[in-house]
Amino acid sequence: QVQLVESGGGLVQAGGSLRLSCVPSVRYFSLDVMGWYRQAPGKQRELVGITTSAGTTSYADSVKGRFTISRDAAKNTVYLQMNSLKPEDTAVYYCNAITLSPRLEYWGQGTQVTVSS
């Protein structure tokens with residue numbers, strides 16, 4: 001079974017930057033889709049962005065232009081670079097991975113991101 005480990009969360013001021021890391025227990029090449037989700041207090045979990053094994057990326061409108069997903073093959077790590085952070089970005093961020101054959105889904109434990117005003 002695939003395990004995902006997130007790290008990099010913390011406290012930053014509005015306008016600052018933060019980079020989250022997700023390290024799967026298998027090569028990300030074997031994962032069809034990897035993504036980042038977030039959940040703020042009292043709100044539903046929402047998609048932040050995804051990347052596919054083909055290299056395509058997609059982002060939620062709320063973070064488009066500010067957040068970027070990237071990959072480092074040598075470190076087997078998927079990153080979420082967050083720039084121009086806003087207080088509304090405060091949430092627990094989760095790494096997610098999906099395989100299509102068989103259809104399976106995995107979640108990391110989450111990492112807290114807090115943006116102060």
Applying disulfide bond (SG atoms under 2.5 Å apart), which residue pairs with at least one partner in residues 67-117 are found, sequence neighbours left out?
Cys22-Cys95
Applying the 4.5 Å side-chain criterion to the ILVMFWY set and letting contacts propagate, would Leu100 and Leu47 be lumped into a single cluster?
yes
Can Arg45 be said to sit on top of Tyr37's aromatic six-ring, NZ or CZ under 6.0 Å from centre and within 45° of the ring axis?
no
So OG of Ser62 and CD of Glu88: to nearest 0.5 Å the spacing works out to 8.0 Å
Minimum heavy-atom separation for Gly110 and Glu6, please, with both atom names.
N-OE1, 2.9 Å
What I want to find out is whether Asp61 reaches Lys64 closely enough, with some N-O distance under 4.0 Å, to be called a salt bridge.
yes
When Thr51, Thr77, Asn76 are each screened for side-chain contact (heavy atoms from CB on, under 4.5 Å) with Arg71, the one that passes is Thr51
Taking the hydrophobic residues Ile, Leu, Val, Met, Phe, Trp and Tyr, and joining any pair whose side-chain heavy atoms are under 4.5 Å apart, which ones share a cluster with Val63?
Val2, Leu4, Val12, Leu18, Leu20, Val26, Tyr28, Leu31, Met34, Trp36, Val48, Tyr59, Phe67, Ile69, Val78, Leu80, Met82, Leu85, Tyr93, Leu104, Tyr106, Val113, Val115
Nearest 0.5 angstrom please: Thr68 OG1 to Arg66 CZ, how far?
10.5 Å
Atom OG of Ser117 and atom CD of Gln13: how far apart are they, to the nearest 0.5 Å?
9.0 Å
With side-chain contact (heavy atoms from CB on, under 4.5 Å) as the criterion, how do Gln3 and Val23 come out once you've worked through the C-alpha distance, each side chain's angles and the decisive distance to 0.1 Å?
CA-CA 8 Å; Gln3 293 179 310; Val23 181; over 6 Å; no
Closest non-hydrogen atom pair, Thr90 against Gln112:
CG2-NE2, 4.0 Å
So, for Ala40 and Ala91, which heavy atoms are closest and what is the spacing to 0.1 Å?
N-CB, 3.8 Å
Using every non-hydrogen atom in the two residues, find where Tyr94 and Gly108 come nearest and quote the distance to one decimal.
CD2-O, 3.7 Å
Are any of the side-chain heavy atoms of Ile98 and Arg103 separated by less than 4.5 Å?
yes
Establish, from distance only, whether the side-chain atoms of Ser17 and Asn83 form a donor-acceptor pair under 3.5 Å.
yes
